[in-house]
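Notes follow the structure.
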Amino acid sequence: MPILSAVLLTAATPAVAQVTVDLRALQALPDRPASGRIARPPPSAPAPTAPAPSAPAPTAPAASTAAPNPATVVTREPQAPREPQAAAPAVPPAPQPAMPETMPDTASIAPIAPPPPAAGAPPPPPPVSEKAATAATPTTTGLRLTFAPGEADLSPESSTSIKQLAAAAPTGDATTFNVLAYAPGKPDDPSTARRVSLSRAMAVRSALVADGVPSARIFVRALGEQYGQGPPDRVDLSVTRAGAPADTATAR
């Protein structure tokens, strides 16, 4: 019977167990002391710590190995090598002016004064015209000169009358010549009357200076249209021995 014989053969065979032992692990076990306790190894010194790894250096991106697109390939013509440029020459700094060790001598220059007027130079002549219609009339204090409308020149006859008055006047600083000039004007243009009256007063003054009267003794007033009760186109020339009137102005 084959089935029964196989069972009997299996029962008669002794059981065998295979055990694998690690010799390295047995050698690593400590020796057991007599007291039955396992001796612990002494504590070892702490192992030195390794330095922290430094940050890795950035690596250049790898060149692309892909084949270029034929449509985007640009061909460049070879360029000639550039010639090296010569370095600009160094410009030396400008030398600083040396300070003098001693103070230079200074020269004093007198201010230049205008030349004095020539002694005995004749004064400018008065405005005398042959065509002027100026007339001179004697008064109790001097002369009254009447002018044509808008005119300021003296006639030869009026200029002679002024010269005779200056010659007959007493000499000395106490004698003064007062010139009051008038001229008619318009309410909307008062400046014209003052301008014409001033021209007449300066004409009489020039005649007095030409006749030898010092300018410091001549007092001029241009009153324009304030002619009062007399003729509007006139100049009243008076001679006084007292001081000049308080309301007169000295002609310069």
Side-chain angles (χ1 to χ4, degrees), residues 113-252:
V128 178
S129 175
E130 296 288 343
K131 299 180 180 180
T134 307
T137 303
T139 60
T140 56
T141 57
L143 290 174
R144 171 169 287 183
L145 298 104
T146 56
F147 294 79
E151 292 185 1
D153 292 343
L154 300 174
S155 62
E157 294 79 12
S158 61
S159 177
T160 302
S161 300
I162 295 174
K163 184 176 182 179
Q164 294 174 356
L165 178 64
T171 59
D173 295 338
T175 303
T176 58
F177 294 80
N178 305 316
V179 181
L180 304 179
Y182 307 92
K186 298 179 180 180
D188 57 344
D189 187 17
S191 61
T192 301
R194 291 187 60 86
R195 178 174 54 81
V196 173
S197 64
L198 179 60
S199 298
R200 292 171 176 174
M202 297 305 294
V204 176
R205 177 183 179 276
S206 298
L208 291 172
V209 173
D211 295 335
V213 179
S215 60
R217 294 164 56 189
I218 304 174
F219 297 88
V220 175
R221 293 186 66 187
L223 300 177
E225 57 184 355
Q226 302 177 12
Y227 45 86
Q229 300 298 326
D233 295 293
R234 77 179 193 272
V235 171
D236 290 337
L237 175 58
S238 60
V239 181
T240 59
R241 293 184 61 102
D247 58 347
T248 60
T250 306
R252 300 294 181 188

Atom pair [atom1] ([X]) and [atom2] ([Y]), whose distance is rounded to the nearest 0.5 Å:
{"X": "R217", "Y": "T176", "atom1": "CZ", "atom2": "OG1", "result": "8.0 Å"}
{"X": "R200", "Y": "T134", "atom1": "CZ", "atom2": "OG1", "result": "8.0 Å"}
{"X": "R194", "Y": "D189", "atom1": "CZ", "atom2": "CG", "result": "12.5 Å"}
{"X": "K131", "Y": "S155", "atom1": "NZ", "atom2": "OG", "result": "14.5 Å"}
{"X": "L198", "Y": "R221", "atom1": "CG", "atom2": "CZ", "result": "13.0 Å"}
{"X": "D211", "Y": "L165", "atom1": "CG", "atom2": "CG", "result": "9.5 Å"}

Do the side chain of R234 and the main chain of Y227 share a donor and acceptor less than 3.5 angstrom apart? yes

Would you check if the side chain of T160 reaches a backbone N or O of P156 as a donor-acceptor pair within less than 3.5 Å? yes

Take V235 and V179 through the test side-chain contact (heavy atoms from CB on, under 4.5 Å) and record every step on the way to the result. CA-CA 7 Å; V235 171; V179 181; 3.7 Å; yes

Check [X] against [Y] and note the closest heavy-atom contact, atom names and distance.
{"X": "L143", "Y": "P138", "result": "CD2-CA, 3.7 Å"}
{"X": "E151", "Y": "A133", "result": "OE1-N, 3.7 Å"}
{"X": "A203", "Y": "P127", "result": "CB-CG, 3.5 Å"}
{"X": "T171", "Y": "T175", "result": "O-OG1, 4.0 Å"}

Check this for me: Q226, atom CD, are more than 12 non-hydrogen atoms of other residues, nucleotides or ligands nearer than 6.0 Å? no

Which of these passes side chain to side chain contact (heavy atoms under 4.5 Å, CB included) with P232: P149, S197, P184? P184

Quick one: which of V220, I162, V204, L208 gives a side chain to side chain contact (heavy atoms under 4.5 Å, CB included) with F177? L208

Examine the side chains of D236 and S238 and answer whether a donor and an acceptor come within less than 3.5 Å of each other. no

Exercise: do S161 and S158 side chains pair donor with acceptor under 3.5 Å: no

Could you go through V128 and D153, starting from their C-alpha distance and side-chain angles, then the distance that decides it, and tell me whether this counts as side-chain contact (heavy atoms from CB on, under 4.5 Å)? CA-CA 6 Å; V128 178; D153 292 343; over 6 Å; no

Does the side-chain contact (heavy atoms from CB on, under 4.5 Å) test come out yes or no for T240 and N178, once each step is laid out? CA-CA 8 Å; T240 59; N178 305 316; 3.7 Å; yes

